[in-house]
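To find a chain, count down the sequence lines: A is the first, B the second, and so on, and within it residues start at 1.
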2 protein chains.
Amino acid sequence: MARSTRDRPAKAPLSRDAVIAAGMTVLRRAGLDAVTMRAVAAELDTGPASLYVYVANREQLLNEMFDAVAREVEPGPEPDAARWREQLEALLTRVRDAMDRHPGIARVPLANIPTGHGAMRIVERMLGILRAGGIPEQSAAWFVDCVFLYVNAASLETSIYVESGLTEDVAAGTRERFEQIDTAEYPLLASMTGALFSGDGDARFSFGLRLMIEGLRHVKTSAR
Amino acid sequence: MARSTRDRPAKAPLSRDAVIAAGMTVLRRAGLDAVTMRAVAAELDTGPASLYVYVANREQLLNEMFDAVAREVEPGPEPDAARWREQLEALLTRVRDAMDRHPGIARVPLANIPTGHGAMRIVERMLGILRAGGIPEQSAAWFVDCVFLYVNAASLETSIYVESGLTEDVAAGTRERFEQIDTAEYPLLASMTGALFSGDGDARFSFGLRLMIEGLRHVKTSAR
DNA sequence: ACCTGAACACCGTTCAAGT
DNA sequence: ACCTGAACACCGTTCAAGT
């Protein structure tokens with residue numbers, strides 16, 4: 001035995017919450033791909049088999065972790081008819097920010113529909129804002145679905161760079177390939193490279209969000 | 001030796017294209033997760049090590065396969081100023097259809113920005129349609145980015161059911177959990193379960209697409 | 001009841017050795 | 001030059017055996 005038990009705090013007893021917390025630590029430190037059952041177990045000074053007492057499998061653990069991220073999102077002020085658009089954009093931006101603090105977590109709600117309380121609380125608040133804005137029920141329902149696809153995908157795109165650890169190099173590399181494209185075959189693409197790569201993540205994310213929010217005023221659902 | 005070489009056609013010589021084609025066969029049959037280097041090699045009657053003569057690694061193989069899917073997309077008629085909205089929606093719907101025929105492939109353009117010719121050809125056509133519609137350059141550029149996030153995520157959502165092979169059961173299971181939610185805590189969610197689950201994939205996809213397309217007329221980019 | 005060592009059936013990738 | 005058997009360093013999950 002290398003260390004006496006007095007060298008460090010008594011090992012916390014395992015529990016479902018401890019497993020999820022350990023998963024969150026690994027997630028924040030190294031991204032979703034690094035959240036292996038073995039890595040989470042190591043974080044708890046135990047072996048991977050021990051985790052199966054508290055979670056059914058890796059997929060369930062990741063779902064719990066996603067809900068923990070969702071619970072970090074501040075629902076914000078009560079829906080206000082006069083400010084519904086900015087409330088909506090602000091709420092969805094907070095969702096993205098929470099996911100961006102946990103690289104790769106956006107893959108989880110894209111792999112199966114979240115049903116945890118954290119996620120439901122956000123959807124409930126979004127529906128409240130949409131109702132305050134006078135959006136018809138069917139439009140509001142489908143909007144929630146569509147806009148989360150966008151938000152999740154946007155967060156995932158950001159995490160590519162974070163998870164690969166390069167940030168600058170990857171972006172520069174793809175930009176380079178775009179600058180070498182065949183001007184004759186893709187004239188528009190070639191002439192618009194500047195516009196395609198301009199703007200930071202926030203400006204681009206906000207643009208897409210506003211596209212969908214403004215669209216709500218002008219698009220009817222096809223459902224009867 | 002179990003079979004003489006006359007029992008079957010001469011084994012096709014390996015090549016980069018053969019590796020990609022074998023990957024596509026596995027993809028269509030069993031989804032992206034099933035496209036392992038070992039499965040692709042087995043499809044070619046060889047071992048996984050042999051593939052590395054033609055592709056650098058699994059990631060590169062998947063990128064090539066995504067571009068093969070992109071090349072299946074019909075660019076459609078020349079951009080027409082009078083019909084730019086429907087042309088745009090039709091093109092993006094064809095993109096989704098092509099991806100839906102290859103379950104899980106949408107994860108590839110979400111994991112790294114595509115730079116192949118198949119993808120570029122589609123972007124070039126989209127930019128042409130947007131220009132015909134009189135959309136400013138910066139809006140068009142950001143729109144392409146945003147709308148592909150949405151299209152990729154939407155295709156991925158569909159493939160959840162296809163890849164898990166259940167289709168009906170998974171959808172019914174999540175719906176069931178929604179019908180049991182706490183009416184007091186989530187009154188809107190509870191009262192709108194019907195609206196949230198209504199509509200087939202096509203109607204919902206089209207709704208989100210039209211949100212973004214209509215939004216183009218009303219949202220300005222923040223870039224100078 | 002709770003925990004876990006060891007094993008099983010997989011992965012992607014490398015490399016020395018073959019033809 | 002092209003191909004590949006065998007190995008390496010990983011995975012998620014199970015289960016018999018321990019306490």
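- Among the nucleotides D/dA7, D/dG12, D/dT4, the one closest to any side-chain atom of A/Met37 is D/dG12.
- Atom CG of A/Asp33 and atom P of D/dC11 are 11 Å apart (whole Å).
- As rounded to whole Å, 14 Å separates atom C1' of D/dT13 from atom CD of A/Gln60.
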Could you list the donor-acceptor pairs under 3.5 angstrom formed between side-chain atoms of residues 147-154 of chain A and any protein atom two or more places apart in sequence or on another chain?
residue, atom, partner, partner atom, Å
A/Tyr150, OH, A/Arg204, O, 3.4
A/Tyr150, OH, A/Phe205, O, 3.0
A/Asn152, ND2, A/Phe148, O, 3.0

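- Using a 4.0 Å cut-off between a side-chain N of Lys or Arg and a carboxylate O of Asp or Glu, B/Asp67 and B/Arg71 qualify as a salt bridge.
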Collect all protein-nucleotide pairs involving nucleotides 14-19 of chain C in which both atoms are nitrogen or oxygen and the distance is under 3.5 Å.
none

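- When the side-chain contact (heavy atoms from CB on, under 4.5 Å) test is applied to B/Arg125, the partners found at least two apart in sequence or on another chain are B/Pro75, B/Glu78, B/Pro79, B/Leu91, B/Ile129.
- One atom, CZ of A/Arg58, and another, P of D/dC10, lie 16 Å apart when rounded to the nearest Å.
- Qualifying side-chain contact (heavy atoms from CB on, under 4.5 Å) partners for A/Glu89, counting only residues two or more places apart in sequence or in other chains: A/Thr93, A/Ser206, A/Leu209, A/Arg210, A/Ile213.
- Comparing D/dT13, C/dG12, C/dT4 by their closest approach to the side chain of A/Ser50 singles out C/dT4.
- Between A/Leu44 atom CG and C/dC2 atom P the separation is 17 Å, expressed in whole Å.
- With the nearest nucleotide of DNA chain C identified for both A/Leu51 and A/Arg38, A/Leu51 has the one nearer the 5' end.
- Looking at residues two or more places apart in sequence or on another chain, you find a side-chain contact (heavy atoms from CB on, under 4.5 Å) between B/Arg16 and B/Ile20, B/Tyr54, B/Val55, B/Gln60, B/Glu64.
- Taking B/Ala141 as the reference, A/Met192, A/Ala195, A/Leu196, B/Gln138 meet the side-chain contact (heavy atoms from CB on, under 4.5 Å) condition, with sequence neighbours excluded.
- Residues that satisfy the salt bridge (charged side-chain N to carboxylate O under 4.0 Å, His left out) test with B/Asp202, not counting sequence neighbours, are B/Arg96.
- In DNA chain C, runs of at least 3 stacked Watson-Crick or G-U pairs (N1-N3 plus N6-O4 or O6-N4, or N1-O2 plus O6-N3, all under 3.5 Å) give these stems: C:4-8 with D:12-16, C:12-16 with D:4-8.
- Residues satisfying the salt bridge (charged side-chain N to carboxylate O under 4.0 Å, His left out) test with A/Arg177, not counting sequence neighbours, are none.
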